[in-house]
Each structure stands twice: as structure tokens, then as C-alpha cells.
A.B. asks: 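Next up is a structure, given as C-alpha cells.
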Number of protein chains: 2
Amino acid sequence: MDQKKGLKIQVLLVEDDANLCMVLQDYLEFMAYNVIVAHDGEAGLARFDEHEVHLCILDVMLPRMDGFALAAAIRDRNKQIPIIFLTAKSLKEDRLKGFAQGCDDYITKPFSTEELNLRIKAIMRRCNRNMFQEEINEQKIFVMGNYRLDTQNLTLTIAGSTSNLTKKEATLLRLLYLHKNTVLARDFVQKTIWGETDYFVSRSMDVFITRLRKYLKEDSSVNIVNVHGVGFMLEVPKPAGE
Amino acid sequence: MDQKKGLKIQVLLVEDDANLCMVLQDYLEFMAYNVIVAHDGEAGLARFDEHEVHLCILDVMLPRMDGFALAAAIRDRNKQIPIIFLTAKSLKEDRLKGFAQGCDDYITKPFSTEELNLRIKAIMRRCNRNMFQEEINEQKIFVMGNYRLDTQNLTLTIAGSTSNLTKKEATLLRLLYLHKNTVLARDFVQKTIWGETDYFVSRSMDVFITRLRKYLKEDSSVNIVNVHGVGFMLEVPKPAGE
DNA sequence: AAATCCTGTTAACGATACGTTAAAGTTCGT
DNA sequence: ACGAACTTTAACGTATCGTTAACAGGATTT
């Protein structure tokens with residue numbers, strides 16, 4: 001139920017100072033993050049286990065398991081999740097440096113919310129590609145006629161029945177869809193998907209077209225038509241406003 | 001000991017002396033606990049499996065499985081549940097000391113009910129945060145089909161029978177669960193859990209998938225399916241409201 | 001209409017991804 | 001330092017996918 005709330009980023013905030021915690025939570029939620037809070041290390045770990053967390057913000061000084069121990073336990077479960085440490089100025093930087101890994105960062109109290117926000121933006125930029133690859137990137141579901149193409153799960157669904165596509169089939173169909181109702185040159189498709197154009201690639205492509213046509217024959221309004229000597233076009237009825 | 005109304009603490013009492021057992025049960029119920037009784041070790045373990053137990057009071061001298069063996073079996077299922085041993089004065093304390101863990105305590109017969117009550121109060125205070133915070137809080141238990149995954153105790157339970165997972169097995173299964181019914185890229189899983197992606201990590205992951213599948217074969221509605229060249233998906237039936 | 005090129009379709013092959021088991025290596029508690 | 005528990009590496013079997021081959025029609029040109 002708390003899972004995919006749209007595509008909000010889920011932040012685990014562990015901070016024992018109730019006031020600071022509340023302020024941060026408010027701010028983060030205002031910035032459109034989903035916030036999960038905990039007030040000590042053990043609870044923080046429990047919350048981490050329960051939720052799909054995308055970013056951790058951990059106070060270093062925590063009861064019942066300090067920030068480093070907590071971070072270690074989290075690292076045990078997820079090697080690439082970004083962690084931001086909140087630390088008092090007094091703390092030796094070496095200790096942090098020694099601990100923090102590639103994806104980590106730290107920020108010394110007191111700090112402004114803008115400062116925090118900048119750090120978050122930065123760390124997410126650095127780590128994102130690995131993390132959200134599939135989640136935030138782009139749209140994954142394409143609607144064509146009565147079909148729904150899911151490029152993440154590689155499925156093509158119509159009226160309850162589902163075909164499982166291969167990666168290449170899905171990629172090709174997606175490419176056709178992105179240029180629906182316009183003719184795609186054979187060469188263009190080949191270069192895009194195969195990276196080269198020769199006789200065999202050309203024939204291979206035809207085989208894939210055949211397979212896609214087989215999948216698509218349940219809805220006669222969706223067609224892959226050939227333009228002799230030029231290429232293919234995915235015919236799709238336009239849904240209202242486009 | 002602020003337990004919400006309707007959330008009585010469930011005590012498992014295992015004691016073979018029928019008279020003593022009855023007296024203790026009366027007293028505990030008078031003190032507003034829910035009491036589950038058993039008169040030998042094996043029965044005690046069975047009761048433990050059937051009920052949600054919050055505290056165990058075990059006689060050390062028991063037929064069919066002594067208190068220590070029973071405690072070990074219980075520890076196997078729940079690492080943090082508090083246990084109080086009832087022991088005759090004669091028993092060497094070392095033995096108890098050696099056995100009892102952080103959350104455990106013992107009391108030598110004969111003892112007064114007040115004494116017992118104090119011990120219970122104390123042990124619950126000591127252990128409570130671990131126990132109730134999370135138990136009452138929210139699910140730290142993931143339900144998939146007829147299985148229950150407990151990431152704290154590393155157990156996977158179905159219809160009474162329990163598998164003990166390793167940390168890595170549990171972490172992987174949890175990751176799959178957090179993304180249930182969507183395909184997780186192999187790379188993503190490897191980076192998250194192993195921190196790197198190479199040939200051997202990849203093969204190692206396959207080994208873990210095999211093991212998880214073995215655990216999960218009791219419920220045919222829960223499956224780890226492979227999408228060739230992409231990754232894995234945990235198929236789980238959606239429970240009603242989601 | 002014949003000749004030639006382009007496309008449609010099916011089946012089979014080889015490469016690669018995955019499944020599984022067991023042995024070797026590692027870690028960890030004692 | 002030893003043994004138990006766990007993870008990784010190795011080895012081998014199986015399944016799947018993309019390509020190729022082979023053949024069959026159409027389309028276009030002459």
C-alpha cells in the first residue's frame with residue numbers, strides 16, 4: 001500500500017531530536033518526498049526492512065545503535081543506496097571519510113534546508129542511474145489500439161491474455177510505436193536496433209516483423225504495413241486528442 | 001507496561017507439575033496475561049508454533065524435551081523473545097548463565113508470585129522495545145501467498161512449517177518482494193545485494209534463486225519467474241486491496 | 001510476361017542464458 | 001585454532017533466443 005505511490009522517492013529519516021526530526025520531515029514532504037521516520041537506530045533498521053527506501057538520512061548520534069552501525073547494517077542489505085549523514089561539527093571528518101562510501105555524503109549541523117536539498121539532489125544525481133533505471137526513467141507502458149505494451153515486464157496484453165515478448169521484440173515494437181503512423185526506413189530501424197545494416201540483419205528484421213504481426217493480429221486496427229523498398233509503419237488508431 | 005486494550009500479552013507457560021502449573025496460570029491470568037500452557041517440551045513447542053507468544057516461562061526439568069532444548073528450539077524461531085526459566089535451587093547457575101541470552105532471566109523455586117511478577121515486569125521492560133515497538137507497530141513481516149517472511153528472525157513460514165533462511169537469502173527475497181510482480185534486472189539485483197556485477201556474482205545469484213525457489217515450492221501461487229536476458233520477477237497473488 | 005528484386009514465413013542451428021548440484025573456499029563463533 | 005554455517009566457484013545439463021537458411025509469393029521493371 002505504501003509501495004509505488006506514483007514515483008515518489010522514499011526517504012528514511014533517522015533522527016532522535018524530535019523537533020529537528022519533525023521540521024525535516026515537513027520540509028522533505030514539502031519537497032515531494034515520501035518520508036519514513038525513526039528515532040533510534042534499531043527502529044531505523046526495522047523501518048528500512050519494511051519499506052522500499054531510496055535514500056537514507058541518518059543522524060550519526062543515535063540511541064540504541066549509532067548512525068555508523070545503522071549504516072553498516074543498511075549496507076549489508078543494499079550496497080548502493082545513497083546515505084547522507086547528519087553530524088555535529090565537532091566530529092572528526094576522518095571518521096566520516098573513512099566510513100562513507102562512493103554513494104555517501106555528509107552534512108554538518110547546523111545546516112539550512114536548502115543546503116540539505118542540494119545535497120540530496122546531488123547524491124541522487126550521482127547514484128541514480130543504478131537505482132532507478134527502471135523506475136523513474138521513462139514511461140514503460142504503451143497503448144496501441146486494444147493492446148498494452150509493457151517494456152519493463154516485456155508483455156503485450158489484450159483483453160486479459162498476455163504474450164511474453166523477448167527483449168528485442170519489445171524494443172522493436174516500442175520503436176515502431178514511437179514513430180507510429182509514419183514510415184520507418186529499413187536502414188533506420190536496423191541501425192537503431194542492430195547497430196548495422198547488411199543483408200542478414202535485414203532478413204532478421206523481417207523475421208521479427210513477422211513475429212510481431214502474429215502477436216498483433218488480435219486487433220485489426222493495429223497493423224504493421226510494409227512500404228515497398230522503404231520500410232515499415234505501425235498503423236494505430238489515434239486516441240482522441242493527439 | 002502500557003499495552004493497548006485488547007492486546008494482552010501472551011505467555012507460554014511450560015511446567016510439568018500440574019499443581020504448580022495451575023496456580024501460576026491462575027495468577028498470571030489474574031495479572032491480565034493470556035496464558036497458554038503445556039506440560040512437556042514437545043507440547044510447549046507445538047503451542048509456541050500455534051500462537052503468537054510474547055513471553056515464555058519454561059521449567060528447566062521437563063519430560064520429552066528439557067527446558068533448554070525447548071528454549072533452543074524457540075530461539076530458532078524467534079531470536080528476541082524473552083524467556084524466563086524456572087529452576088530448582090540445586091541447578092548450577094553456570095549452566096543457566098551459559099545458556100541464557102540477553103533477553104532471558106531465571107528464577108529459582110520456590111518463588112513467590114510477587115517475585116515472578118517482578119521478573120516479568122523487568123524482563124518485559126528490558127526487551128520490550130524490540131518486541132512491541134515492532135510487533136505492534138506495523139508489519140515487519142511480509143506476506144506472500146501463504147508464506148510469511150520475517151526478515152528479523154530470518155524465517156519463512158507456511159502452514160506451521162518454518163524454513164530458516166540465511167541473511168542473504170532473506171535479503172534477496174525481500175528485494176524481490178518489494179518489487180513483486182515486476183521484473184528486476186539482473187544487474188540491479190546484483191548491484192544492490194552484492195555491490196558489483198561480474199560473471200561469478202551472476203552465477204552466485206542464480207544459486208540463490210534456486211534455493212529460494214526450493215523454499216517457495218509449497219505454494220504454487222508464489223513463483224520466481226525468469227525473463228530471459230533481463231532478470232527475475234516474484235509472482236505473488238495480490239491480496240484484495242491493492 | 002519474364003526477369004529481378006523485395007518481402008513473408010517457417011524451421012533448424014548454434015550461441016548464450018539459466019538451472020542445478022556439488023565441491024571448494026570463506027567467515028564466524030567458540 | 002577448530003568446526004559449523006554460509007557463500008562462491010566449478011561443472012554440466014537444459015532452455016531460449018537471434019540468426020541463418022530455404023522456400024514462397026508479391027512487386028517492380030523491362
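Only heavy atoms go into these numbers, but all of them, side chains included; no hydrogens, no water, no symmetry mates. In what follows, chains are A, B, ... by sequence order, proteins preceding strands, each numbered from 1.
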A.B. asks: Just so I know, are the side chains of A:L216 and A:I158 near enough to count as touching, which here means a heavy-atom distance under 4.5 Å?
C.D. replies: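 Side chain of A:L216 against side chain of A:I158, heavy atoms only: no contact under 4.5 Å found.
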A.B. asks: What string of B, S and - do you get for nucleotides 11-30 of chain C 5' to 3' if you count protein non-hydrogen atoms under 4.0 Å?
C.D. replies: ------SBBBB---------
A.B. asks: With a 4.0 angstrom cut-off to heavy atoms of chain A, pull out the first and last contacting nucleotide of DNA chain D, in 5'-to-3' order.
C.D. replies: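 Contacts span D:dC17 to D:dT28, reading 5' to 3'.
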A.B. asks: Once salt bridge (charged side-chain N to carboxylate O under 4.0 Å, His left out) is applied, what residue pairs with a partner in residues 209-234 of chain B remain, sequence neighbours excluded?
C.D. replies: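 Every pair satisfying salt bridge (charged side-chain N to carboxylate O under 4.0 Å, His left out) with a residue in residues 209-234 of chain B: B:E169-B:R211.
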A.B. asks: Quick check on the helix from C:dA1-D:dT30 to C:dT30-D:dA1: what's the angle between its two end axes, five base pairs per end, to the nearest 10°?
C.D. replies: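 Taking the rotation axis at each end, their angle is 40°.
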A.B. asks: Return the minimal non-hydrogen interatomic distance between B:L45 and B:M65, and the atom names on each side.
C.D. replies: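 Looks like CD2-CE, 4.2 Å.
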A.B. asks: Can you tell me how far the CG atom of B:L154 sits from the OG1 atom of B:T162, to the nearest 0.5 Å?
C.D. replies: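 One finds 12.5 Å between CG of B:L154 and OG1 of B:T162.
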A.B. asks: Mind checking ring pair (Phe, Tyr, Trp, His ring centres under 6.0 Å) for B:Y215 and listing every partner two or more places apart, or none if nothing turns up?
C.D. replies: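 If we apply the ring pair (Phe, Tyr, Trp, His ring centres under 6.0 Å) test to B:Y215, skipping adjacent residues, there are no hits.
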A.B. asks: Working note: B:L156 + B:F142, criterion side chain to side chain contact (heavy atoms under 4.5 Å, CB included); need CA distance, chi angles, decisive distance, verdict.
C.D. replies: CA-CA 9 Å; B:L156 185 65; B:F142 299 99; over 6 Å; no
A.B. asks: Identify, between B:S204 and A:F208, the residue whose nearest nucleotide on DNA chain D lies closer to the 5' end.
C.D. replies: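 Final value for this comparison: B:S204.
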A.B. asks: For A:F200 and for A:N164, locate the closest nucleotide of DNA chain D by heavy-atom distance; then report the residue assigned to the nucleotide nearer the 5' terminus.
C.D. replies: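 Result of the comparison: A:N164.
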A.B. asks: Check ring pair (Phe, Tyr, Trp, His ring centres under 6.0 Å) between A:H179 and all other residues, then give those that pass, not counting sequence neighbours.
C.D. replies: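 Listed in chain order: A:F188.
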A.B. asks: Any idea how A:F85 and A:F68 line up, ring-wise: parallel (<30°), tilted (30 to 60°), or perpendicular (>60°)?
C.D. replies: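 Because their plane-to-plane angle lies in the 30° to 60° range, the rings of A:F85 and A:F68 count as tilted.
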A.B. asks: Can you check salt bridge (Lys or Arg N to Asp or Glu O under 4.0 Å) on B:R77 and B:D150, steps first, answer last?
C.D. replies: CA-CA 10 Å; B:R77 292 157 168 71; B:D150 183 332; over 6 Å; no
A.B. asks: Between A:E50 and B:L178, which heavy-atom pair has the shortest distance, and what is it?
C.D. replies: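 Distance-wise, the nearest heavy atoms are O-CD2, 4.2 Å.
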A.B. asks: When we call it a touch if two heavy atoms are under 4.0 Å apart, what does A:T166 touch: a base, just sugar-phosphate, or nothing?
C.D. replies: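 If one applies the 4.0 Å heavy-atom cut-off, A:T166 turns out to touch the sugar-phosphate alone, with no base involved.
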